[in-house]
Amino acid sequence: SLCLLGINKMAGIFPQDPALPIGSTLTATCSVSPDLGLHASSLFWSLNGRRLPSSSYSVLSPTALSVTLPGLPASRQRSGDNLVCHNHGGHVLAGSCLYIGMPPVKPVNLTCWSRNTKDLTCRWAPGGQGETFIKTKYTLKYKLRWYGRERECEEYNAAQPYSCYIPRDLALFTPYEIWVEATNQLGSATSDVITLDILDVVTTDPPSGVSVSRVGDLEDHLSVRWKSPPALKDFLFQAKYQIRYRLEDNSDWKVMDDVGNQTSCRLAGLRPGTVYFVQVRCNPVGIYGSRRAGIWSEWSHPTAASTPHSERVLSGSCDSKSGDSNSTLRRELKQFFGWVRNHAYGCGGMSIKLYDQWRVWMQKSHNTRNQVLQGDKS
């Protein structure tokens with residue numbers, strides 16, 4: 001509820017709408033016009049709708065009644081607490097808003113990022129305990145470091161109270177100075193100034209066109225492909241990508257960090273006949289020669305695919321020797337790919353090329369071994 005303000009010209013409270021630190025003692029006086037024909041001793045006080053005890057009153061004159069409130073606690077609402085003077089019948093004669101709180105502390109943890117170099121979003125945290133108990137205004141200010149006038153960010157997010165969005169008119173290749181000012185009725189405080197170049201704090205839209213597909217009949221592999229963030233196609237940069245994936249019935253993601261600048265990757269060591277969800281995100285590195293890595297994008301929307309069912313389930317083979325050799329082949333392949341992942345880059349083209357060469361060689365070797373065995377039988 002909003003705080004009541006002065007109501008009746010025939011009566012008034014002093015001080016009107018005071019701001020006081022927590023723990024203060026306040027003495028307020030209600031003065032009424034003699035024309036009302038009321039005696040001060042017939043009046044009473046209330047705070048936030050609760051009648052205050054008459055032991056805290058003092059009759060100063062026939063038309064003035066004071067009340068003393070020691071050790072005031074923090075305001076129950078940011079719009080102020082209602083201190084009201086009533087006549088003997090309960091009619092409101094006058095009201096005052098009490099703002100009991102703390103001055104703001106220096107805001108901290110100011111960070112900013114730009115999506116595709118087009119805008120700037122900044123976020124911070126209130127200093128200290130973060131609660132002043134009275135309305136505190138935070139203003140994000142910025143200016144070009146060596147010239148230009150001071151400007152104020154205007155688009156604040158009600159859902160995220162300690163953030164602001166600058167949608168346009170930002171300069172590239174020139175550092176900005178950015179800071180936050182916090183003010184309320186009890187004081188003000190200013191954050192440290194941060195200096196940044198827009199190109200050093202770029203994040204992108206998530207990679208687009210993410211697709212996940214099987215790798216032939218390999219039961220424990222999936223291939224992931226995606227496109228570079230479209231909004232950065234005109235910029236000179238090297239992207240870093242990350243992939244994460246999880247089982248359909250599991251909320252735990254496994255992250256692959258070593259994808260590098262490629263736009264494809266093969267996942268290995270997966271469960272046969274299982275649905276996986278896959279996501280990709282991007283970090284733009286070195287936009288227009290910037291020496292700093294960018295900021296990771298959001299993850300792409302999950303894309304789902306399933307690995308093939310195990311051959312042992314689908315083949316229905318009764319040849320135990322054939323089954324044993326297939327099992328041995330799969331085990332050897334997995335062992336080799338495990339070695340490759342430890343000695344090369346998990347999603348690197350070299351490791352995939354080596355793996356495919358090894359797979360072809362092992363299959364040829366396996367076929368040759370079967371032909372020799374068949375020759376021996378004949």
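Note that these values count all heavy atoms, side chains included, but never hydrogens, waters or copies made by symmetry.
Within 6.0 Å of atom CZ in R244, more than 12 heavy atoms from other residues, nucleotides or ligands are found, so the atom counts as buried in its surroundings. By the 6.0 Å contact criterion, CD on E298 is open, its count of non-hydrogen atoms from other residues, nucleotides or ligands being 12 or less. By the 6.0 Å contact criterion, NZ on K141 is enclosed, its count of non-hydrogen atoms from other residues, nucleotides or ligands being greater than 12. Crowding of Y147 atom OH: a count of heavy atoms from other residues, nucleotides or ligands under 6.0 Å not exceeding 12.
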C122 vs C153, disulfide bond (SG atoms under 2.5 Å apart): CA-CA, chis, key distance, verdict: CA-CA 10 Å; C122 294; C153 181; over 6 Å; no
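You'll find the side chain of L65 reaches within 4.5 Å of the side chain of W45, heavy atoms only. Using a 4.5 Å heavy-atom cutoff, the side chains of H39 and P62 are in contact. With a 4.5 Å cut-off on side-chain heavy atoms, P18 and L98 count as touching. The shortest distance between side-chain heavy atoms of V278 and L267 falls below 4.5 Å. Within the 4.5 Å cutoff, no side-chain heavy atoms of F277 are placed close to those of N250.
Rounding to the nearest 0.5 angstrom, the gap separating the OG atom in S46 from the CG atom in L83 is 7.0 Å. The distance from the CG atom of N261 to the OG atom of S228 is 7.0 Å, given to the nearest 0.5 Å. Atom-to-atom distance recorded for E248:CD and R246:CZ is 8.5 Å, nearest 0.5 angstrom. To the nearest 0.5 angstrom, D81 atom CG is 11.5 Å from F133 atom CZ. How far CG of L270 is from CZ of R214: 12.0 Å, rounded to the nearest 0.5 Å. Rounded to the nearest 0.5 Å, atoms CG (D197) and OG (S114) are 10.0 Å apart.
Not a single donor-acceptor pair under 3.5 Å links the side chain of T174 to the backbone N or O of R145. In terms of modelled atom types and a separation under 3.5 Å, the side chain of N184 and the main chain of P103 share no donor-acceptor contact.
Cluster membership check: M10 does not share its hydrophobic cluster with F14, using side-chain heavy-atom separations under 4.5 Å among Ile, Leu, Val, Met, Phe, Trp and Tyr.
Considering all non-hydrogen atoms of both residues, P107 and A182 come closest at CG-CB, 4.0 Å. In this structure, W179 and E150 approach most closely via the heavy-atom pair CZ2-OE1, 3.5 Å.
For the pair K106 and D192, the salt-bridge criterion is met [side-chain N within less than 4.0 Å of a carboxylate O].
Clustering of Ile, Leu, Val, Met, Phe, Trp and Tyr by side-chain heavy atoms under 4.5 Å joins V108 with none of the others.
For N157, there are no side-chain hydrogen bond (donor to acceptor under 3.5 Å, both in side chains) partners two or more places apart in sequence or in a different chain. Contacts of S251 classified as side-chain contact (heavy atoms from CB on, under 4.5 Å), with partners at least two apart in sequence or in another chain: none.
Of the N and O atoms on the side chains of S297 and Y241, not one donor lies less than 3.5 Å from an acceptor on the other residue. A donor-acceptor pair shorter than 3.5 Å cannot be found between the side chains of S56 and T68.
Classified by interplanar angle (parallel below 30°, tilted 30° to 60°, perpendicular above 60°), the ring pair W124/Y138 is tilted.
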